[in-house]
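Before any comments, here is the structure.
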Amino acid sequence: MASWDMFRELDNLRREIDEAFRGVGLRRVQAPYFLTGSGTRRFPLVNISEDEAGVYVEALVPGVDPSAVELSVLRNTLTLSGERGPAEADRNNVWHRNERGSGKFSRTIELPAEIDSGKVSAQCRDGVLTITLPKAEAAKPKKISVSVS
Amino acid sequence: MSDKSITNTSESGGIDPREDTRSPERYLRPAVDIIEKEDCLSIIADLPGVGKENLDLGIDKGILTIQGQVKPEVKGTEVYREFDLLSYYRQFQLPEAIDQEKVEAEYVNGVLTLRLCKAEAAKPRKIEVQVG
């Protein structure tokens with residue numbers, strides 16, 4: 001192994017354990033909150049899935065203008081950043097509840113494969129940003145046929 | 001919370017969070033902001049993933065119900081998961097001072113904004129004192 005990264009190994013272990021328990025029905029529902037303002041979670045929350053052709057990232061950005069979200073891809077990292085303004089600028093009004101957060105966000109995620117950054121596309125619908133990241137040619141699985149001599 | 005507020009702390013307290021229906025689906029409580037202005041009450045709720053056609057709003061016997069169905073679709077195999085999109089459900093007891101006929105709703109980028117106007121009788125009024 002060329003480089004051994006302990007944190008990456010721990011992360012992989014955690015993913016494998018998650019995978020082992022998936023479908024058992026014990027998994028807690030993970031609420032789709034955005035910018036809660038407390039806790040150590042990073043925002044926006046993301047779901048990642050992949051197939052042979054590419055990696056698909058779903059990010060939760062309710063109330064954010066889709067044109068103001070900045071996306072950048074470098075090799076196998078994706079950076080998402082943007083801002084959600086406060087629901088009401090005038091703080092003199094009476095606030096009965098304030099559960100929705102606001103502010104700036106920025107997050108960099110490591111993807112499971114190298115990405116062809118020229119072909120990345122993103123679509124925002126109902127506050128969910130879906131990013132399609134095609135894998136780089138070098139990262140795609142290749143079939144090698146064995147010739148019988 | 002000040003005395004002049006139109007809602008009180010038990011605002012959603014008396015309403016059961018859908019325990020009694022025994023519905024097999026699980027529901028999420030959307031995060032909301034409730035802001036009171038001079039003439040109206042704004043309820044802003046985050047409902048990411050709900051299509052406009054699957055959003056269901058209703059007022060019955062002074063109870064406002066916000067309900068949204070989500071149909072999540074996963075492409076490929078799941079690698080990593082941080083949030084679940086389930087259906088949303090939340091109820092609010094509306095104060096009597098709200099005019100239930102005048103409710104405006106707007107849904108943009110996964111955020112629902114409801115404007116509930118106060119009834120004429122409940123609006124603050126200034127009374128001039130006449131000096132005789």
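Within every chain, numbering begins at 1; the chains are lettered A, B, ... in the order of the sequence lines, protein sequences first and strands thereafter.
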To the nearest 0.5 Å, tell me how far [X] [atom1] sits from [Y] [atom2].
{"X": "A:H96", "Y": "B:I43", "atom1": "NE2", "atom2": "CD1", "result": "9.5 Å"}
{"X": "A:D126", "Y": "B:L47", "atom1": "CG", "atom2": "CG", "result": "10.0 Å"}
{"X": "A:E58", "Y": "B:E82", "atom1": "CD", "atom2": "CD", "result": "12.0 Å"}
{"X": "A:N93", "Y": "B:I34", "atom1": "CG", "atom2": "CD1", "result": "13.5 Å"}
{"X": "B:E78", "Y": "A:I48", "atom1": "CD", "atom2": "CD1", "result": "10.5 Å"}
{"X": "B:T77", "Y": "A:D51", "atom1": "OG1", "atom2": "CG", "result": "7.0 Å"}

Option that, when pairs with chain B are counted at under 4.5 Å, heavy atom only, ranks first among A:V55, A:V46, A:N98: A:V46
Based on non-hydrogen pairs under 4.5 Å, which of A:A53, A:G54, A:P66 is most in contact with chain B? A:P66
Using heavy-atom distances under 4.5 Å, tell me whether B:L86 contacts chain A through its side chain, its backbone, both, or neither.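 Contact with chain A involves the side chain of B:L86 alone.
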For B:I35, which atoms come within 4.5 Å of any heavy atom of chain A: side chain, backbone, both, or neither?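 Contact with chain A is through both the backbone and side chain of B:I35.
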Report, as yes or no, whether the 6.0 Å neighbourhood of atom [atom1] on [X] holds more than 12 heavy atoms from other residues, nucleotides or ligands.
{"X": "B:R115", "atom1": "CZ", "result": "no"}
{"X": "A:E52", "atom1": "CD", "result": "no"}
{"X": "A:K143", "atom1": "NZ", "result": "no"}
{"X": "A:R14", "atom1": "CZ", "result": "yes"}

Identify which of B:F83, B:Y107, B:Y88 forms the greatest number of heavy-atom pairs closer than 4.5 Å to chain A.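 The candidate making the most pairs under 4.5 Å is B:F83.
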How far apart are the closest heavy atoms of B:V79 and A:P112, and which atoms are they?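 Looks like CG1-CG, 4.4 Å.
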For a quick test of reading the model, state the closest non-hydrogen atom pair linking A:G127 to B:P48 and the distance between them. O-CB, 4.2 Å
Hey, are the side chains of [X] and [Y] touching, using non-hydrogen atoms and a 4.5 Å cut-off?
{"X": "A:R84", "Y": "B:N109", "value": "no"}
{"X": "A:T130", "Y": "B:K75", "value": "no"}
{"X": "A:L60", "Y": "B:L85", "value": "yes"}
{"X": "B:Y80", "Y": "A:E50", "value": "no"}

Hydrophobic cluster identity match, A:V69 and A:I109, side-chain contacts under 4.5 Å: yes
Would a hydrophobic clustering, with Ile, Leu, Val, Met, Phe, Trp and Tyr connected at side-chain separations under 4.5 Å, put A:L80 with A:Y56? no
Between the side chain of A:E99 and the main-chain N/O of B:V32, is any donor-acceptor distance below 3.5 Å?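 Confirmed, A:E99 side chain pairs with B:V32 backbone.
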Segment of A:V64 engaging chain B (4.5 angstrom heavy-atom cut-off):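 For A:V64, the contact with chain B is made by the backbone alone.
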